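Have a look at the structure below, then the notes.
No hydrogens, no waters, no symmetry mates; every other heavy atom, side chains included, goes into these values. To find a chain, count down the sequence lines: A is the first, B the second, and so on, and within it residues start at 1. The structure presented is a predicted model; accordingly, all values stated were derived computationally and were not measured.
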Number of protein chains: 2
Amino acid sequence: MIQNSKKMQGVPEPTLRRMPCYLAFAEGLLRKGQQFVSSTQIANYMNIDPTQVTKDLSYTSIVGKTRVGYEVKAIVDVLSDFLGFSVMDSAFLVGAGSLGSALLHDNGLTHFGLNIVAAFDISPITIGRKINDIEVFHIDQFRDLAQELSVVMGIITVPAENAQTVADLMVAWGIKAIWNFTPARIKVPEDIIVQNTSLYSNLAIIFNKLHTEKN
Amino acid sequence: MIQNSKKMQGVPEPTLRRMPCYLAFAEGLLRKGQQFVSSTQIANYMNIDPTQVTKDLSYTSIVGKTRVGYEVKAIVDVLSDFLGFSVMDSAFLVGAGSLGSALLHDNGLTHFGLNIVAAFDISPITIGRKINDIEVFHIDQFRDLAQELSVVMGIITVPAENAQTVADLMVAWGIKAIWNFTPARIKVPEDIIVQNTSLYSNLAIIFNKLHTEKN
DNA sequence: TTTTAATAAAGAATAATTTCCTTATTAATT
DNA sequence: AATTAATAAGGAAATTATTCTTTATTAAAA
Ligand SMILES: NC(=O)c1ccc[n+]([C@@H]2O[C@H](COP(=O)([O-])OP(=O)(O)OC[C@H]3O[C@@H](n4cnc5c(N)ncnc54)[C@H](O)[C@@H]3O)[C@@H](O)[C@H]2O)c1
Ligand SMILES: NC(=O)c1ccc[n+]([C@@H]2O[C@H](COP(=O)([O-])OP(=O)(O)OC[C@H]3O[C@@H](n4cnc5c(N)ncnc54)[C@H](O)[C@@H]3O)[C@@H](O)[C@H]2O)c1
C-alpha cells in the first residue's frame, strides 16, 4: 500500500496545532468578504514566519497563486476537511463540573466537528440536569451504548484522582480516543488515542517568560 | 552579566510543558509517602523516554541518586520554585462566561501560583455576582488599578471577536502577560508576553490520529 | 511594453529536540 | 566479598521543526 510520502510521514504536530488557527482566521476573512489571503498576511496575524505558513499549507491540497496568495474559500473548505472538522464525531463527557459544563456549553466544539451526545457524573446534583440540551446521566447508565451510538471519543473532566477509573470505563465502552483534561496521566491499551490537555503547562511557560526573559 | 549556559539558552518549551506533570505526579507520591522515584517510574507514568525525564530535570538543581532515583520531596520543592508556582502572581480575568467561570472555580490555578483577584464582564447578568468568592465587575471599573494591585496577568475568556479590544485594555492597564483562551490572535507590544491556549488545536491532533494512524 | 515587487514553492541550511550510547555509581543479590 | 542489575548523567547521534535561499510566476506600476 503506497501512499503519498507526506501522508506516510504524517503531518507534524506543530503544524496540526497551527492549522485550526489558520482556519479560524480564514473563516473571519470569508465573513468579511475577502477573497484572497497571502502567507505574509496569515503569518503577520499569527506572529510567525511566512514560510512556516506555506510549509504548513503544503501538507494539504491547497495551492496558492503567485503574487496573490491563497483563495480564502479554499483554505476554509480544504482545511476543515483536512482537519476532520467537516464530519461530525460523537463524544461522551464524564464529569459535568465547572470545566465539563463549560465544554458542554461551548458551541465551538460542534463547529469543529465534535458533537457531545451525553454527559455523565456521579453527583445527584448534576444528574438529570440538561446542560446546553445535553443530558447528564449517572455514570453507570449506558454502559455499552458507546459502540451502538458510534461514540468515538471520551472527554475526561473529573478530578484528577478519578481520571484512571473513568479512562478504564471508557476503554470498556469501546471508545477510540480520550481527551483528558486532568493533570493525571492515564494508562490505556496502545490502540487508544490519548490527548492530554493540561492547562497548567501554559502557566509554567508564562511564568518562565515573566521571570527570565524580562529583566 | 554571565549566566549559567543553560539559563542563557532558556529551558525548552516542551520541557516546561512536561514539568508541571512531573510535579503533579511527585505531589501524589509524596501524599502516599513514597520517598524516592526513578526516572524510569516517571517516564512510565508519562509514557515518554526515561532519558527525557533526566534531561528535563537536569535543567533544575535536582540531582538523582544512582540506583535509587530522585527524592520526591526535592522534586516537589525544587520544581514548584523553578516553575514559579511557589510565589503567587495576581491576575484579572475578563469574560466571566462558561469558560471564565470554570477558571474562576478552579483552585488548581491557585495551587500553581495564580491568584485571580477580580473578574470583568459587560453583561448585567454576571456583573455584581461572586464566583468562588471572586467578584465580577463591569469592564469600565478599575481601569488603572492593575499596577496598583500589581496584577501581572490578564486572562481573556470573551468571545473571539472581542479579544483584541480586551487585549488593548489589558495593555493599557499595565499588565505584563496575557493568557488568551480565544482562537483569535491578538496584537500587543513586543514586551507583553502572550500565551495562546487554543483547545481546538487538540481536536485537530486527535482527529488526525483517529483518521490516519488507525487502519 | 517593460520593469518592478510580491508572492508561492521547493530545497538547503540551521536550530531545536529527542533518543541513543557510554560511563560511573551503588543498592541488592549471590 | 564479589557479582549483578538498575540507575543518573553527560555527550553523541538522530530526528524533527523552523528558517533561509533560490527560482519562477505574475499582478501592478512605470
Ligand atoms: N475548572 C477549570 O477551569 C480547570 C482548569 C484546568 C484543569 N481542570 C481540571 O479538570 C478537572 C475537573 O475540574 P473541575 O474544576 O471541573 O472540577 P469539578 O469538581 O467542578 O467537577 C468534577 C465533576 O466530576 C464529577 N465526578 C467525580 N468523580 C466522578 C466519577 N468517578 N465519575 C463521574 N463523575 C465524577 C463530580 O461530581 C463533579 O461534577 C480536574 O482534574 C481539574 O484539575 C479544571
Ligand atoms: N466554553 C468552552 O469550553 C470553551 C472552549 C474552548 C474555547 N473557548 C473560547 O473561550 C471564549 C469564551 O467562551 P465561553 O464559552 O466562555 O463564552 P461565553 O459566551 O459563555 O462567555 C463570554 C463572556 O464574555 C463576556 N463579554 C463579551 N464581550 C466582552 C467584553 N468586551 N468585555 C468583557 N466581557 C465581555 C460575555 O458577557 C460573556 O459573559 C471563546 O472565545 C471561546 O471560543 C471556550
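- If you measure from atom CD1 of B:Ile62 to atom P of D:dT7, you get 18 Å, rounded to the nearest angstrom.
- Rounded to whole angstrom, the span from the CZ atom of A:Phe36 across to the C1' atom of D:dT26 amounts to 13 Å.
- A distance of 11.5 Å separates CZ of B:Phe25 from CZ of A:Arg185, quoted to the nearest 0.5 Å.
- A straight line from CD of A:Glu13 to C1' of D:dT18 spans 16 Å, rounded to a whole angstrom.
- In terms of phosphate contacts, A:Tyr70 brings a side-chain nitrogen or oxygen within less than 4.0 Å of OP1 or OP2 of C:dA9.
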Which pairs, protein N/O on one side and nucleotides 20-29 of chain C N/O on the other, fall under 3.5 Å?
from	atom 1	to	atom 2	distance (Å)
C:dA27	N3	B:Arg67	NH1	2.7

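- Rounding to whole angstrom units, CD of residue A:Gln41 and P of C:dA6 are separated by 13 Å.
- Contact annotation: A:Thr40 side-chain N/O to C:dT7 OP1/OP2 distance is under 4.0 Å.
- The distance from atom CG of B:Asn132 to atom CG of B:Leu104, rounded to the nearest 0.5 Å, is 7.5 Å.
- If you measure from atom CE of B:Met46 to atom C1' of C:dT18, you get 14 Å, rounded to the nearest angstrom.
- In this structure, the CD atom of A:Glu71 is 15 Å from the C1' atom of C:dA8, given to the nearest Å.
- At the phosphate of D:dA8, OP1 or OP2 sits under 4.0 Å from a side-chain N or O atom of B:Ser39.
- In this pair, A:Phe207 and B:Phe85 present their aromatic rings perpendicular. The plane angle is above 60°, beyond the 30 to 60° band.
- Regarding contacts with the backbone of C:dT7, a side-chain N or O of A:Ser38 is found under 4.0 angstrom from either OP1 or OP2.
- DNA chain D is contacted by both A:Pro14 and B:Val63; B:Val63 maps to the nucleotide lying nearer its 5′ end (nearest heavy atom per residue).
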Checklist entry - What do the steps show when you test B:Asp49 against B:Thr51 for side chain to side chain donor-acceptor pair (under 3.5 Å), and what is the final call? => result CA-CA 6 Å; B:Asp49 196 279; B:Thr51 55; 2.5 Å; yes

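- Closest heavy-atom contact between A:Leu114 and A:Met88: N-SD, 3.7 Å.
- The two residues A:Leu103 and A:Leu109 make their nearest non-hydrogen contact at O-CD1, 3.6 Å.
- Around the NZ atom of B:Lys187, the shell of radius 6.0 Å holds more than 12 heavy atoms that belong to other residues, nucleotides or ligands.
- Whole-Å rounding puts the B:Leu57 CG to D:dT7 P distance at 15 Å.
- For residues 16-25 of chain B, proximity to DNA chain D is found at no residue, defined as any non-hydrogen atom under 4.0 angstrom from a strand atom.
- Distances shorter than 4.0 Å separate none of the side-chain N or O atoms of A:Gln52 from OP1 or OP2 on D:dA17.
- Panel note: side chain A:Asn107, backbone A:His111; no donor-acceptor pair is recorded below 3.5 Å.
- Contact record, B:Ile175 with B:Ile178: CG2-CG1, 4.2 Å, taken as the closest heavy-atom pair.
- One can place CG of A:Asp56 at 14 Å from C1' of D:dT16, the figure rounded to the nearest angstrom.
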